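Notes follow the structure.
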Amino acid sequence: MTDEGGFRDKLVAVKQAWARAGRLLTGTSDEEHANRLPPGQRLVTNWPVLDLGIQPDVTRAEWRLTVDGAVVNPLVWDWDALMAQPVFEDVSDIHCVTQWSRYDNRWQGVSTQQLLAVAQPLPGATHVILHGYDGYTTNVRLDHFAEDDCLLAHSHDGAPISREHGGPVRAIIPRWYLWKSAKWLKRIEIVTADKPGFWETRGYHNEGDPWTEQRYG
Ligand SMILES: Nc1nc2c(c(=O)[nH]1)N[C@H]1C(S)=C(S)[C@@H](COP(=O)(O)O)O[C@H]1N2
Ligand SMILES: [Mo]
């Protein structure tokens, strides 16, 4: 007897693990990456909670979103105004700088492109500052915020986003580490000069691309 059988078993086990990790999938949200898992990340199927120790309790009825700064049309949306916008749904992977990634999150809400079409940034606008009800802030380049997979999300995998994950509404900016995806979204400030946010002024990278491991700046 050779060890051929044992070798084949091992090969099958490895390929099954790859398949579980989505390596052999095509036509996913991330076709340009043959391997969906960015360097230094591990795949999880749960969804860890990370915050500053405050989880604001904001009901849908109380929730307001202010969009101001360098825009033609500053606005305040309440829940009904948000619901009156076209529905946007997208499936994307999330990557946290604390080294976990979670695949195939189905988000529903309003696209950032729709929000920007309504608010209309002025020609000099370069960045977006996202503010949470907990006082958290994070900065994103306007062109990144305007990518076609970014949204103001109120649902995840068909259920309202829970309080601990940033409900009633959070930002989702999937191409960047998850710290850019502000929870308990309260205000979107459009600015003409960059303004690093909570983690960006505490040692995190200003951009946060998981594929080039822009973790710490
Ligand atoms: N408002 C607010 N948004 C936030 C944070 C926060 O503390 N407050 N933490 C950020 C960080 S560091 C991460 S990793 C993700 C965590 O999101 P999750 O708890 O849904 O996994 O939210 C981001 N958005
Ligand atoms: Mo984080």
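Just so it is clear, the structure is predicted and the values come from calculations on it, not from any experiment. In listed order, ligands and their atoms are each counted from 1.
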Should [X] be counted as touching ligand 1, given the test is an N or O pair under 3.5 Å?
X    : result
P48  : yes
W47  : yes
D134 : yes

Counting heavy atoms only, which part of L178 comes closer than 4.0 Å to ligand 1: side chain, backbone, both or neither?
both
Given that the side chain starts at C-beta and the backbone is N, CA, C, O, which of these parts of W184 lies under 4.0 Å from ligand 1, counting heavy atoms, or is it both or neither?
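The part of W184 near ligand 1 is the side chain, not the backbone.
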Which option, [options], owns the non-hydrogen atom nearest [atom]?
atom                    : options                : value
atom 7 (O) of ligand 1  : D51, L130, N46         : D51
atom 17 (O) of ligand 1 : Q55, H131, R170        : R170
atom 18 (P) of ligand 1 : H156, E164, H165, R102 : H165
atom 10 (C) of ligand 1 : Y136, Y133, F198       : Y136

OG on S181 to CD1 on I94, rounded to 0.5 Å:
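Those atoms lie 8.0 Å apart.
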Minimum heavy-atom distance between [X] and [Y], given as atom pair plus value:
X    : Y    : result
Q113 : E147 : NE2-C, 3.8 Å
D148 : F88  : O-CZ, 3.3 Å
R187 : L65  : N-CD1, 3.8 Å
A146 : T112 : CA-OG1, 4.0 Å

At what distance is the nearest protein heavy atom to [atom], and which residue and atom is it?
atom                    : answer
atom 19 (O) of ligand 1 : K183 NZ, 2.6 Å
atom 11 (C) of ligand 1 : W179 CA, 3.6 Å
atom 24 (N) of ligand 1 : S181 O, 3.1 Å
atom 9 (N) of ligand 1  : L50 O, 3.7 Å

Does a side chain donor of either S101 or H95 reach within less than 3.5 Å of an acceptor in the other side chain?
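Indeed, the side chains of S101 and H95 share at least one donor-acceptor pair under 3.5 Å.
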So, Q214 and E207: side-chain donor and acceptor under 3.5 Å apart, yes or no?
no
Between H127, E189, E200, which is the residue that forms a side-chain hydrogen bond (donor to acceptor under 3.5 Å, both in side chains) with K195?
E189
Heavy-atom contacts with [X] under 4.0 Å: which atoms of ligand 1 show up? List them by number with element.
X    : answer
C96  : 14 (S)
A182 : 3 (N), 24 (N)
L52  : 7 (O)

Any atom of ligand 1 sitting under 4.0 Å from a heavy atom of [X]?
X    : answer
W100 : yes
G166 : no
W199 : yes

Are any side-chain N or O atoms of R106 and backbone N or O atoms of E89, one a donor and one an acceptor, separated by less than 3.5 Å?
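Flag not set: sc R106 to bb E89 has no pair under 3.5 Å.
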Pairs in or reaching into residues 125-142: which pass salt bridge (Lys or Arg N to Asp or Glu O under 4.0 Å), with residues at least two apart or in two chains?
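For residues 125-142: R141-D143.
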Mind listing the side-chain donor-acceptor pairs of residues 73-82 below 3.5 Å, one per line with the distance, residues two or more places apart or on another chain?
{"from": "N73", "atom 1": "ND2", "to": "V118", "atom 2": "O", "distance (Å)": "3.1"}
{"from": "D78", "atom 1": "OD1", "to": "D80", "atom 2": "N", "distance (Å)": "3.2"}
{"from": "D78", "atom 1": "OD1", "to": "A81", "atom 2": "N", "distance (Å)": "2.9"}

Could you walk me through whether R163 and D51 satisfy the salt bridge (charged side-chain N to carboxylate O under 4.0 Å, His left out) test, starting with their C-alpha distance in whole Å, then the side-chain angles of each, then the deciding distance to 0.1 Å, before giving a yes or no?
CA-CA 11 Å; R163 174 179 171 186; D51 54 54; over 6 Å; no
